[in-house]
Number of protein chains: 2
Amino acid sequence: IIELEALRKEYRSGEISVAALQGVSFAIAENEFIAIMGPSGSGKSTLMNILGCLDQPTSGRYRLGGREVSSMSDDELAAVRNRDIGFVFQSFHLLPRLNIVRNVMLPLKYSDIEPAEARQRACDMLARVNLENRLEHVPNELSGGQRQRVAIARALVNRPKIIFADEPTGNLDSKTSVEIMELFTELHRAGQTIILVTHEPEIAEYAQKVIHMRDGQIEKVEVNAPR
Amino acid sequence: IIELEALRKEYRSGEISVAALQGVSFAIAENEFIAIMGPSGSGKSTLMNILGCLDQPTSGRYRLGGREVSSMSDDELAAVRNRDIGFVFQSFHLLPRLNIVRNVMLPLKYSDIEPAEARQRACDMLARVNLENRLEHVPNELSGGQRQRVAIARALVNRPKIIFADEPTGNLDSKTSVEIMELFTELHRAGQTIILVTHEPEIAEYAQKVIHMRDGQIEKVEVNAPR
Ligand SMILES: Nc1ncnc2c1ncn2[C@@H]1O[C@H](COP(=O)(O)OP(=O)(O)OP(=O)(O)O)[C@@H](O)[C@H]1O
Ligand SMILES: Nc1ncnc2c1ncn2[C@@H]1O[C@H](COP(=O)(O)OP(=O)(O)OP(=O)(O)O)[C@@H](O)[C@H]1O
Ligand SMILES: [Mg+2]
Ligand SMILES: [Mg+2]
């Protein structure tokens, strides 16, 4: 479902050029559960943003579901982002003025789901991450880990084909982290493809394979023992 | 150096009232290294904000260096915050339009240190967290873990008496986390008092004591084996 060939990403500002990705190639099959690990600054979020169609590579090819992403129209890209992809950002990106139900409803805005049904789905998803008693709150009235859970709920509410999660348990205590990983495991068993970035080995163990990155390249791929 | 007596914090918005701290009492001696752990939403950041003089309790008493914080003037509070306290925020709070050197220099602005000296200290601190090759960058040109390290550098640059660090390794890979904890250990040996919130037991092990919180209260205090 995902094929990357010699992907490069360079950031330029004036004279300074930062090579964030230096030739990344791999393939991910449908319904795989992949973890990505690597040092701070090794290119994990940059890679995730390109995979999630939020950014473009400087060179190289990215095929999603067999289609060349660079040749998709803006409308096609928007449809893919909205319908097929769920993204949990490392820094959450919640809208500060909306309460958490309305934040979680956002991905459903362009779907053909009725507002009442959308609201119900958002509330259900928030209940699944144990936030049913905070529905009227806005993000800055919540703890770091509560905001992280809202970001997770929002990524899952449209039941996307592929879930990209960038450090989804970074602000969560061990018990809550296990609850979130059990939720991901359940979604994986139901058919979803999951790609998650983590720096914690115990979290990476929930995946089938672990891609190790260093300095913008893939260093090795490990296969986990089946659970 | 820190004494808390029956501290309570309640957030009110209209009808809804959230009891974030429900009677917290403890004391921390000078040059202690304390970790605070607990489930997401248990009140850790709320407690840190009150200890760091960034917020006020609803009731109860907080004495810092023997002085009642609630009876300090605004000027005295500002002086304490600027000179005696260094704070690493769970969500970093870096200024987006300043490059990282100028972000790290901020706490020195009201000190009697010359700008050239302040700039040198900021660069040194950024080198200590391995960011010497990113000095001209602004926060959104950096990875999550790089921003976290800028937040750490900024908290340390004025050599504060007390360091409060709220999840300082949440976005860092294991190797970088160890480097940061070795830096904190070094500062502790040099006399600083350190209070850090973490959800990772391996990080809490660097401290002398671990305060466990649950539902806005202290559940228990563990003493670590000496390292
Ligand atoms: N401004 C606010 N208004 C209402 N409730 C709030 C506000 N800020 C925090 N809270 C609530 O207070 C409780 C404690 O929050 P706090 O941020 O201290 O938790 P925490 O232990 O740091 O959690 P985490 O590990 O998720 O960061 C949470 O239930 C949170 O929803
Ligand atoms: N807009 C930008 N301009 C310049 N350099 C950038 C920009 N965004 C990211 N970088 C650089 O690209 C590299 C990779 O960043 P990325 O965010 O992908 O790292 P990461 O592996 O996610 O790190 P972390 O684990 O700390 O989140 C870093 O060295 C970073 O400084
Ligand atoms: Mg990242
Ligand atoms: Mg917190």
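Within every chain, numbering begins at 1; the chains are lettered A, B, ... in the order of the sequence lines, protein sequences first and strands thereafter.
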Part of A:T169 lying under 4.5 Å from any heavy atom of chain B: backbone
Under a 4.5 Å heavy-atom cut-off, does chain A meet the side chain of B:L142, its backbone, both or neither? neither
Residues A:R147 and A:N140: closest non-hydrogen pair is NH2-CA, 3.8 Å
Assess the side chains of A:N171 and B:E167: does a donor N or O sit below 3.5 Å from an acceptor N or O? no
Where do B:R12 and B:E10 land on the salt bridge (charged side-chain N to carboxylate O under 4.0 Å, His left out) test, with the steps shown first? CA-CA 6 Å; B:R12 276 246 164 98; B:E10 196 179 308; 3.1 Å; yes
One option among B:A20, B:S177, B:S42, B:S143 has the most heavy-atom pairs under 4.5 Å with chain A, and it is B:S143
Shorter than 4.5 Å, heavy atoms on both sides: which option in B:R149, B:K44, B:Q148, B:H137 has the most such pairs with chain A? B:R149
Can you find a pair of side-chain heavy atoms, one from B:D84 and one from B:L64, that are under 4.5 Å apart? no
Which is it for B:Q90 and B:S45 under the side-chain hydrogen bond (donor to acceptor under 3.5 Å, both in side chains) test, yes or no, and what are the steps along the way? CA-CA 8 Å; B:Q90 188 170 5; B:S45 297; 2.8 Å; yes
Looking at chain B, which one of A:I16, A:T46, A:L172 has the largest number of heavy-atom pairs inside 4.5 Å, strictly under? A:L172
Which one wins on heavy-atom pair count under 4.5 Å against chain B: A:P201, A:G41, A:G170, A:S13? A:G170
